[in-house]
Amino acid sequence: MTRSGCWAHFRRKFFDAFKGVLDQQAIPIPLGILTVYLERQVKAMTVEQRHQFRQTQIAPLMTEFWGWIDGLTILPKGALGRAVQYALNQRQYLNRLLDYGEMDWSNNATERSVKRL
């Protein structure tokens, strides 16, 4: 068993940190990168095709995002600071998305099934 991170939880923290920003130009470009992970176009792909897609399309975006994170100096108590800290704490687990074509980007379906019990 390999532990992985949930990109839905990760993404939500960043969007919450920026939801009060009215000027769309003020929102950092890496937040746009976070929307790509939804991978709607890979639903019909085989595991091998999905893995290849992640290597060629998602990996460069993740590298750009982590570069942005690494360059930040944010106060830890604000919403963005908490989102950044969460990202840093989950980094190795979130990056596992690139390693496995069979892995889903989110654990939301699993959480929903457990909550029904």
Side-chain angles (χ1 to χ4, degrees):
M1 191 177 312
T2 303
R3 180 178 174 185
S4 62
C6 176
W7 280 82
H9 289 96
F10 165 75
R11 177 180 171 262
R12 189 175 308 121
K13 292 187 182 302
F14 280 93
F15 277 88
D16 287 349
F18 284 98
K19 70 178 163 187
V21 176
L22 298 176
D23 179 6
Q24 295 298 309
Q25 299 299 327
I27 296 176
I29 289 174
L31 286 180
I33 292 170
L34 294 175
T35 62
V36 174
Y37 79 89
L38 292 173
E39 298 183 299
R40 285 188 173 100
Q41 63 268 40
V42 302
K43 294 260 185 221
M45 291 181 182
T46 66
V47 169
E48 294 80 17
Q49 290 170 327
R50 188 178 307 154
H51 181 259
Q52 183 63 31
F53 174 82
R54 289 175 177 172
Q55 294 301 307
T56 60
Q57 303 298 315
I58 303 297
L61 297 174
M62 286 174 64
T63 298
E64 184 179 345
F65 179 78
W66 291 120
W68 176 71
I69 289 288
D70 291 339
L72 291 175
T73 52
I74 301 291
L75 294 173
K77 297 208 184 246
L80 183 56
R82 288 190 302 273
V84 167
Q85 191 58 52
Y86 182 84
L88 291 171
N89 291 342
Q90 294 293 310
R91 186 178 198 157
Q92 75 182 75
Y93 308 117
L94 292 164
N95 284 344
R96 292 211 173 114
L97 179 74
L98 300 175
D99 298 333
Y100 302 100
E102 47 289 281
M103 192 174 106
D104 198 1
W105 61 272
S106 162
N107 69 357
N108 285 342
T110 303
E111 286 187 3
R112 279 191 301 274
S113 69
V114 170
K115 287 180 182 178
R116 291 183 194 143
L117 297 176

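If you're wondering where the values come from, they're calculated on a predicted model, not measured in any experiment.
The salt bridge (Lys or Arg N to Asp or Glu O under 4.0 Å) analysis of residues 83-103, with sequence neighbours excluded, yields the pairs D70-R91. Contacts classified as salt bridge (Lys or Arg N to Asp or Glu O under 4.0 Å) and involving residues 71-89 (residues at least two apart or in different chains) are not found.
Between the R54 side chain and the A59 main chain, no donor and acceptor come within less than 3.5 Å of each other.
For the atom pair CZ of R11 and CG of L94, the computed distance is 13.5 Å after rounding to the nearest 0.5 Å.
Residues passing the side-chain contact (heavy atoms from CB on, under 4.5 Å) test with N89, sequence neighbours excluded: Q85. For Q49, the side-chain contact (heavy atoms from CB on, under 4.5 Å) criterion is met by M45, T46, not counting sequence neighbours. With sequence neighbours excluded, the residues forming a side chain to side chain donor-acceptor pair (under 3.5 Å) with N95 are W66, listed by chain and number.
Note on Y100 and L98: same hydrophobic cluster, where clusters join Ile, Leu, Val, Met, Phe, Trp and Tyr whose side-chain heavy atoms are under 4.5 Å apart, directly or indirectly. Hydrophobic cluster membership is shared by L88 and F10, with clusters built from Ile, Leu, Val, Met, Phe, Trp and Tyr side chains linked at under 4.5 angstrom.
Counting all heavy atoms, side chain and backbone alike, W7 lies closest to M62 at CZ2-CE, 3.4 Å.
A 4.5 Å side-chain heavy-atom check between Q90 and R3 finds at least one atom pair inside the cut-off.
In this pair, F65 and F14 present their aromatic rings perpendicular. The plane angle is above 60°, beyond the 30 to 60° band.
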